[in-house]
Amino acid sequence: MRSASSRVTRLFGFLIAMSTLAWAQSGTTSLRGTITDPSQASVSGAKVTLANPERGFQRTTTTNATGAYEFLQLQPGTYHITVEMTGFRKAEQKQIELLVDTPSTLNIRLDVGATTETVEVTGEAPVINTTDASVGNAFSEAQVKSLPMEGRNVPDLLSLQAGVAYTGNRTDIDTTVDTRSGAVNGARSDQSNITLDGVDVNDNNGGDAFTSVLPITADSVQEFRVTTSNYNADEGRSSGAQVSLVTKSGTNKFHGAAYEYHRNTVTSANDYFVKGAQIAAGEPNQPLKLIRNIFGGAIGGPIIKDRLFFFANYEGARQREENSALRVVPSDTLRDGVMVYQCADTTQCAGMSVQGKSGQSYSIPAGFYGLS
């Protein structure tokens, strides 16, 4: 009986922890706007409904005295909005894409008519941010998948933003003192902030602006935004860039994917110096081994329709690689005890022959002097 009670207690604690974790993943976008009539006058008391059919989400509000409405704390995604008011046709607009950390504004005009009539708006301009002065770009799931990334590390896309300088390939930076690999608007990388679903995932040991402390796979990220300046307090701490990543979640339909990215030595070109050393040694011209495999799969779907969803992603990486090494070794003459150096006045050295320790004679060209 005690064992069963202990298991129930542990299960109850686990459920509380999971519910706390889900609560911490608050919304990271918002939508607002104004409802007007054909004369551009504000329509107060209109019913505005925002819905996401894929997740069974629906929220309703009414416009205030100035005809304004607002939806806060929304999960990024694609939504439908419907506006209803007595004396006006019902207005409906679909495929509204709300991006992370991007407050969006959508103004809707109602047409006079019966409430049983519906006006569906299509081909409208994308919603824009007129709420704050934050500067940055949001990357959707399609962009994350289509843009090339070394090692498929999503925060690497930070380098595509204006004001971002990649410093990982600079030889003038002492990596033992400055471990950053990028700077945003001149700020050090340890001043940047990376969050995943609102949770701090900064690498505090290395201070790398392009890498989170958790591996973030491309197939687990729904979208992300990099705010480079003028960000708000709700986006996080730090004075540098704010990188907000949002993971995928399940929907009312099952979705899955399986993938493998393979790089083989067959498609690699040989290094110039490696090739020269191989030819000099009589070896075949063959590039160094470089085999990379990144593979995995993802699946998501409903547990309870419109209520509870799941999403899981696994990714593995295998790499076999050879590297060339440069070594400074003594010449044949030096190994035999003969040192050759250039004369200060090359006209005074007509050339000579010097005998090494092994008894072999070496011809020293004009302009050089040999010392046994």
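Just so you know, residue 1 is the first one in the sequence shown, and it goes up from there.
- Under a cut-off of 6.0 angstrom, the local environment of NZ in K248 is crowded, with over 12 non-hydrogen atoms contributed by other residues, nucleotides or ligands.
- The NZ atom of K47 lies 14.0 Å from the CD1 atom of I35; values are rounded to the nearest 0.5 Å.
- D37 is not listed as a side-chain neighbour of L110, based on a closest heavy-atom distance of 4.5 Å or more.
- Expressed to the nearest 0.5 Å, how far CG of L31 lies from OG1 of T105 amounts to 7.5 Å.
- Atom CD1 of I291 sits about 13.5 Å away from atom CZ of R318, to the nearest 0.5 Å.
- Under the 6.0 Å cut-off for aromatic ring centres, F71 and Y79 do not qualify, their centroids lying 6.0 Å or more apart.
- Taken from CG in L371 to CE in M352, the straight-line distance is 8.0 Å, to the nearest 0.5 Å.
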Margin query: side chain to side chain contact (heavy atoms under 4.5 Å, CB included), that's the test. Do L50 and L74 meet it? Break it down for me.
Written below: CA-CA 10 Å; L50 186 69; L74 298 174; 3.6 Å; yes
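- Checking R59 against T61 by side-chain atom types alone, no donor-acceptor pair falls below 3.5 Å.
- Under 3.5 Å, the side chains of S220 and T217 contain a donor-acceptor pair of N or O atoms.
- Note that CZ of R263 is 8.5 Å distant from CD of E321, once rounded to the nearest 0.5 Å.
- Residues Y261 and F295 keep their aromatic ring centres 6.0 Å or farther apart.
- For the residue pair Q286/N270, the side-chain donor-acceptor check at 3.5 Å is not satisfied.
- Using a cutoff of 4.0 Å between basic side-chain nitrogens and carboxylate oxygens, E322 and K289 are not scored as salt-bridged.
- The shortest heavy-atom contact between V338 and G356 is CG2-CA, 3.6 Å.
- Annotation for E92 and K94: closest pair OE2-CE, 3.1 Å, computed over non-hydrogen atoms.
- For residues 307-372, the disulfide (SG to SG under 2.5 Å) pairs, not counting sequence neighbours, are C343-C349.
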Next item on the list: Carefully, step by step, assess Q360 and D336 under the rule side-chain hydrogen bond (donor to acceptor under 3.5 Å, both in side chains).
Entry: CA-CA 8 Å; Q360 181 179 351; D336 204 12; over 6 Å; no
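- Connectivity analysis of hydrophobic side chains (ILVMFWY, heavy atoms under 4.5 Å, direct or indirect) links F254 to I299, I303, I304, L308, F310.
- Residues T34 and T66 share a closest heavy-atom pair of CG2-O, 3.8 Å.
- Contact of the R109 side chain with the Q40 side chain is registered, since non-hydrogen atoms from C-beta on lie closer than 4.5 Å.
- Closest of all the heavy-atom pairs between N252 and P53 is ND2-O, 3.1 Å.
- T63 contributes a side-chain N or O that, together with a main-chain N or O of A46, makes up a donor-acceptor pair within less than 3.5 Å.
- Side-chain heavy atoms closer than 4.5 Å link hydrophobic residues (I, L, V, M, F, W, Y) into clusters, and following such links, possibly through other members, connects L98 to Y69.
- In this structure the side chain of Q58 reaches within 4.5 angstrom of the side chain of T49, judged on heavy atoms.
- P287 and S268 make their closest contact through CG-O, 3.6 Å (heavy atoms, listed as atom of the first residue, atom of the second, distance).
- Membership of an apolar cluster is not assigned to F309, as no side-chain contact below 4.5 Å to another ILVMFWY residue is traced.
- Between L106 and I81 there is a side-chain heavy-atom pair separated by less than 4.5 Å.
- Looking at heavy atoms from C-beta onward, S324 lies in side-chain contact with L288 at the 4.5 angstrom threshold.
- Side chains of D219 and N313: no donor on one and acceptor on the other come within 3.5 Å.
- The shortest side-chain heavy-atom distance between T62 and V48 does not fall under the 4.5 Å cut-off.
- Around OH of Y362, the count of heavy atoms belonging to other residues, nucleotides or ligands within 6.0 Å exceeds 12.
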Checklist line | CA sep, side-chain torsions, deciding dist, call: V354, Y369, side chain to side chain contact (heavy atoms under 4.5 Å, CB included) | finding: CA-CA 9 Å; V354 179; Y369 188 84; over 6 Å; no
Note to self: What verdict does the side chain to side chain contact (heavy atoms under 4.5 Å, CB included) test give for V100 and Q222, after you've listed the backbone C-alpha separation in whole Å, the side-chain angles of each residue and the deciding distance to 0.1 Å?
What the structure shows: CA-CA 10 Å; V100 59; Q222 176 180 330; over 6 Å; no
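- Taken from CE in M339 to CD1 in I364, the straight-line distance is 11.5 Å, to the nearest 0.5 Å.
- Considering only heavy atoms from C-beta on, Q73 stays 4.5 Å or farther from S30 through its side chain.
- Using a 4.5 Å heavy-atom cutoff, the side chains of K90 and T82 are in contact.
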Check: Passes side chain to side chain contact (heavy atoms under 4.5 Å, CB included), I294 versus E315? Steps please.
Finding: CA-CA 7 Å; I294 300 177; E315 183 169 287; 3.7 Å; yes
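- Heavy-atom minimum distance, S44 versus A65: CB-CA, 3.9 Å.
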